[in-house]
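Structure first, commentary second.
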Amino acid sequence: MSAETSPQPLISRRVSRRVGSSLLLRRSSRLTLPVLLCCAALLWLSPFIWMLSSAFSESSFSPNMASMLPRFPLTLDNFRQAWQSADWLRLYANTLFFAFGTFLVQLVTITTAGYVFAYHQFRGKQTLFYLLLIQLMIMPVIMMVPNMMILKQIGLLNTLTGTMMPYFASAFGVFLMRQAFLSIPREIEEAALMEGCRWWQVVFRVLIPMSWPAILAFATVSITYHWNEYLWPLMVLNDPDKQVLTVGLVSFAMGAESGGQWGLITAGTLMVCLPLMLAFILFQKQFLKSFGFSGIK
């Protein structure tokens, strides 16, 4: 058989075509996922981009009011007017006290409870732990009226301390710290006790320094949740001098919305979100490492 009529060149051509088509499919599949992720990220960021555009734009009403592109000329007048329309310093102080004060008390309760559930043995331990986890399935709205009645009886209604009290114990935090302590070898705790440490010294000087990723993960969840809490402070706090940022923002936005001042509303919203955004930008790597270490998804 001659070389011209040999089937080998035809087979090699078909193989090369199949290899080329498979390479094209692989390259296209590699490009498809990033493109889809970019589209999803743009869709998720579109409200925030519009908020930035409206906050720095001069006019609230224009044909391009719904556009995500900035409307020139850019200005800071919306932020100046928003700052002058509310007592932001007092609102920030109340919110910082509410969010960080609650977290500091939670840090004591969840670490001590997590230590007990991780290292101590007593009758009914598993049952008590499961009952504690049931709290995660109870909606906070269900407990608002009973909590208000208790605060009224003890004289802490309309106080920031009373607003913080229902959050002093956290089932999620206890579970997280228990899992973090279980990952630490028991021999370290026994060695500390043999050296003369008391149980609270073991917790706060030995176990907590070894569990910083879990604590940082819980701090992110706790502070963010209480910074954005609205309904419970609205029900408990009646004094305007004790209001938090979310309640103050709603009161401020209701007055600005009546005049259609969307630039003013978005500027006030950015002022509320700005501390959390800056904290996430500055400590982004630490946050991601802490969530990856603690197993939170």
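Bear in mind the structure is a predicted one, so any value in this text is a computation, not a measurement.
- For F100, there are no ring pair (Phe, Tyr, Trp, His ring centres under 6.0 Å) partners two or more places apart in sequence or in a different chain.
- Here the straight-line distance linking atom CE of M235 with atom CE of M148 works out to 4.5 Å at 0.5 Å rounding.
- Among pairs with a residue in residues 232-250, none fulfils side chain to side chain donor-acceptor pair (under 3.5 Å), at least two apart in sequence or across chains.
- Closest of all the heavy-atom pairs between Q135 and A171 is OE1-CB, 3.6 Å.
- Atoms SG and CZ, on C197 and F204 in that order, are 13.5 Å from each other to the nearest 0.5 Å.
- In this pair, Y115 and H120 present their aromatic rings perpendicular. The plane angle is above 60°, beyond the 30 to 60° band.
- One finds the CD1 atom of I265 at 10.0 Å from the OG atom of S54 (value rounded to the nearest 0.5 Å).
- Between T109 and T112, the closest heavy-atom pair is O-OG1, 3.1 Å.
- A donor-acceptor contact shorter than 3.5 Å is absent between the side chain of T224 and the backbone of V221.
- The closest donor-acceptor contact from the side chain of S211 to the backbone of I208 lies at 3.5 Å or more, if one exists at all.
- Summarising the geometry of V247 relative to P233, their closest heavy-atom pair is CG2-CB, 4.3 Å, with the distance given to 0.1 Å.
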**OP:** Let me see the working for Q106 and H226 under side-chain contact (heavy atoms from CB on, under 4.5 Å), right down to the final yes or no.
**Re:** CA-CA 12 Å; Q106 285 179 335; H226 295 110; 3.8 Å; yes
Subject >> side-chain contact (heavy atoms from CB on, under 4.5 Å) between M149 and K152, worked out >> reply: CA-CA 5 Å; M149 295 176 64; K152 184 178 180 181; 5.7 Å; no
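- Between the side chain of Q81 and the backbone N or O of N78 there is no donor-acceptor pair closer than 3.5 Å.
- For R186, the CZ atom counts as densely surrounded, since its 6.0 Å shell holds more than 12 non-hydrogen atoms of other residues, nucleotides or ligands.
- A distance-only check finds no donor-acceptor pair linking the side chain of S222 to the backbone of F218 [under 3.5 Å].
- Of the candidates L96, V250, L91, L91 is the only one forming a side-chain contact (heavy atoms from CB on, under 4.5 Å) with L245.
- At least one side-chain heavy atom of L128 sits less than 4.5 Å from a side-chain heavy atom of F122.
- By the criterion of side-chain heavy atoms lying less than 4.5 angstrom apart, applied directly or through intervening Ile, Leu, Val, Met, Phe, Trp or Tyr residues, L131 is not grouped with F175; the two fall into different hydrophobic clusters.
- For Y119, there are no side-chain hydrogen bond (donor to acceptor under 3.5 Å, both in side chains) partners two or more places apart in sequence or in a different chain.
- Side-chain heavy atoms closer than 4.5 Å link hydrophobic residues (I, L, V, M, F, W, Y) into clusters, and following such links, possibly through other members, connects L133 to F117.
- Counting non-hydrogen atoms of neighbouring residues, nucleotides and ligands closer than 6.0 angstrom, the CD atom of Q126 exceeds 12 such neighbours.
- Taking 4.5 Å as the limit, some side-chain heavy atom of M165 sits within range of a side-chain heavy atom of I154.
- Residues Y167 and F103 place their aromatic rings such that the two centres sit no closer than 6.0 Å.
- The line from CG of L151 to OG1 of T159 is 7.0 Å long, rounded to the nearest 0.5 Å.
- Contact annotation: the side chain of I184 never approaches that of E189 to less than 4.5 Å [non-hydrogen atoms, C-beta and beyond].
- Across all their heavy atoms, A214 and L176 have their closest contact at O-CD2, 3.5 Å.
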Original post:
Stepwise, does the side-chain contact (heavy atoms from CB on, under 4.5 Å) test hold for E229 with Y225?
Top reply: CA-CA 6 Å; E229 180 68 19; Y225 177 83; 3.4 Å; yes
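- Across I188 and M210, no two heavy atoms sit closer than the pair CD1-CE, 3.6 Å.
- By the criterion of side-chain heavy atoms lying less than 4.5 angstrom apart, applied directly or through intervening Ile, Leu, Val, Met, Phe, Trp or Tyr residues, L42 is not grouped with V35; the two fall into different hydrophobic clusters.
- At least one donor-acceptor pair closer than 3.5 Å links the side chain of T266 to the backbone N or O of G263.
- Here the side chains of M271 and Y92 are in contact, with some heavy-atom distance below 4.5 Å.
- In the hydrophobic clustering of this structure, W212 groups with F181; members are Ile, Leu, Val, Met, Phe, Trp, Tyr whose side-chain heavy atoms approach within less than 4.5 Å, directly or through other members.
- Side-chain atoms of M144 and L231, non-hydrogen and from C-beta on, do get closer than 4.5 Å to each other.
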Original post:
Given L136 and F172, is the side-chain contact (heavy atoms from CB on, under 4.5 Å) satisfied, shown in steps?
Top reply: CA-CA 7 Å; L136 296 174; F172 170 73; 3.9 Å; yes
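- The line from CG of L160 to CZ of F98 is 8.5 Å long, rounded to the nearest 0.5 Å.
- At least one donor-acceptor pair under 3.5 Å links the side chain of W227 to the backbone N or O of V272.
- Among all heavy-atom pairs drawn from V206 and A192, the shortest one is CG2-CB, 4.2 Å.
- Panel note: side chain W88, backbone A82; a donor-acceptor pair is recorded below 3.5 Å.
- With a 4.5 Å cut-off on side-chain heavy atoms, T163 and L237 count as touching.
- Within the model, atoms CG of L107 and CE of M177 stand 7.5 Å from one another, a figure rounded to the nearest 0.5 Å.
- By the criterion of side-chain heavy atoms lying less than 4.5 angstrom apart, applied directly or through intervening Ile, Leu, Val, Met, Phe, Trp or Tyr residues, V174 is grouped together with Y130 in one hydrophobic cluster.
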